[in-house]
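What follows is a single structure, written as structure tokens, with notes after it.
Reminder, nothing fancy here: chain letters follow the sequence lines and each chain counts from 1. Note that these values count all heavy atoms, side chains included, but never hydrogens, waters or copies made by symmetry.
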2 protein chains.
Amino acid sequence: MRASREQVQENRRTILEAAGRLFRERGFEAVTVTDVMKSAGLTHGGFYGYFKNKDDLIAQALAELLGGSEPLSADLSTLAERYLSPAHRDNSACGCPVAALASETIRQPGGARAAMTAGLKRQLERLSEVSPGSDAEQKRRAAIGNWAAMVGALILARMTAGSELSDELLSETRAWLAAQDQREPKPKA
Amino acid sequence: MRASREQVQENRRTILEAAGRLFRERGFEAVTVTDVMKSAGLTHGGFYGYFKNKDDLIAQALAELLGGSEPLSADLSTLAERYLSPAHRDNSACGCPVAALASETIRQPGGARAAMTAGLKRQLERLSEVSPGSDAEQKRRAAIGNWAAMVGALILARMTAGSELSDELLSETRAWLAAQDQREPKPKA
DNA sequence: TTTGATACATGACGATGATCATGTATAATG
DNA sequence: CATTATACATGATCATCGTCATGTATCAAA
């Protein structure tokens, strides 16, 4: 049966959302085109009416996931608290696409890399606004350092999930970041 | 032709080393059994004489890569300087297996996860010894925070390789870590 | 209502890759 | 030297997956 114009737009949305969820959960390679379409309530045949190929789907799903531009709604320590929580660690399907997919994106073709790079740029700009520091340069540096630590810690905590080390990685990184950001930055030499 | 006893041991070594290199370069899934054997100068047929299956190879290759137990030979800022260098970013095949493979290991079966977890434990113990802090607890916290930031920054720099953001991530994280570790830790509240 | 366009289902195709079966030359053993 | 065990090459098998071909039912336009 053929769908209406509205249905088509909605289907496209549904496919992209299903892809975003599955990719974050299992990675790009372990998710098949059939998986995505089935998860969207369709069959594999219609896929190539929506996307050029699987790489195109990956690039567009990443762009969709990273597309938001709202300013951050909390201060740095609150963000870290949420980001470095066991709940976030245990639910990558709905979590940060950078932590879930950055490594795999490294080996993807240009479209996916470009979407990730653009998303990272926006994220660092937003983080700079809530980061400590006496000038813009220090704020940006703090944003980069904090973000690298958050992404790295979440990846390591997921890698070790199930061991007591995993919880320690989360809580100690939280404590470490909180301590860093409360200290006064050293004046330039 | 059949190889001698020594040849067999040497071949095993060669296979594991080839696997370690290829996995770090391309990830687990993109490397085939045939790739590994060819890179070791053999054909695919002999593989199952050495390993139970591909998952077994992955686990053993990770254990081999992470097996070293030597204490760290430099101070923290020197390590970060080397770790967060463009050279390391551009040569994952010979670089840190954690940065290259942590994300993919998350979805691997137990053997690979266990090897990574054990390696991470040792690495944190070594790092604690060269980390700043007035007591063991603070040293360990600094080790965790520094390591998370280093791994995260390297992954993000590889993801954005080719853009000017990539170099910025490396140098700013280096500067941020150096600044953090020179400051006096705040006394406990 | 008729006609044409098209969204999607079904099914096929070709490539790839993990794993196994078999043959053989040679090391190891006596 | 004769015999046996085995390391490894060649080749087959089976499953999976990306992609394409085709048919059809229904939406859209006249």
* For residues 49-60 of chain A, which residues have at least one heavy atom under 4.0 Å from DNA chain D? -> A:Asn53, A:Lys54

* Within this structure, what is the CD-to-P distance between B:Gln7 and C:dA27, rounded to whole angstrom? -> 10 Å

* 5'-most contact on DNA chain D: A:Asp35 or B:Gly45, nearest heavy atom basis? -> B:Gly45

* Looking only at side chains, do A:Thr78 and A:Asp75 share a donor and an acceptor under 3.5 Å apart? -> yes

* To do: Could I get the full list of side-chain hydrogen bond (donor to acceptor under 3.5 Å, both in side chains) partners for A:Asp56, not counting sequence neighbours?
  => A:Gln60

* Asked: So does A:Asp90 pair up with A:Arg158, basic N to acidic O under 4.0 Å?
  -> no

* Candidate list B:Lys121, B:Glu125, B:Arg126, test side-chain hydrogen bond (donor to acceptor under 3.5 Å, both in side chains), partner B:Gln123, passing option -> B:Arg126

* Round to a whole Å and report the spacing from CZ of A:Phe47 to C1' of D:dC17. => 12 Å

* **Test side-chain contact (heavy atoms from CB on, under 4.5 Å) applied to B:Trp176 and B:Arg174, B:Gln180, B:Glu172, the passing residue** => B:Gln180

* Asked: So does B:Arg107 pair up with A:Glu25, basic N to acidic O under 4.0 Å?
  -> no

* Provide, to the nearest angstrom, the distance between the CG atom belonging to B:Leu42 and the C1' atom belonging to D:dT10. => 14 Å

* A:Arg89/A:Ser166 under side chain to side chain donor-acceptor pair (under 3.5 Å): CA gap, chis, key distance, verdict -> CA-CA 9 Å; A:Arg89 174 196 59 197; A:Ser166 182; 2.8 Å; yes

* To do: Would you indicate whether B:Arg122, at its atom CZ, is surrounded by more than 12 heavy atoms from other residues, nucleotides or ligands within a distance under 6.0 Å?
  => yes

* Asked: For DNA chain C, which residues in residues 16-33 of chain A have a heavy atom at a distance below 4.0 Å?
  -> none

* Asked: How long is the line joining NZ of B:Lys38 and P of C:dT16, in whole Å?
  -> 12 Å

* Just how far, in rounded Å, is C1' of C:dT22 from OH of B:Tyr48? -> 17 Å

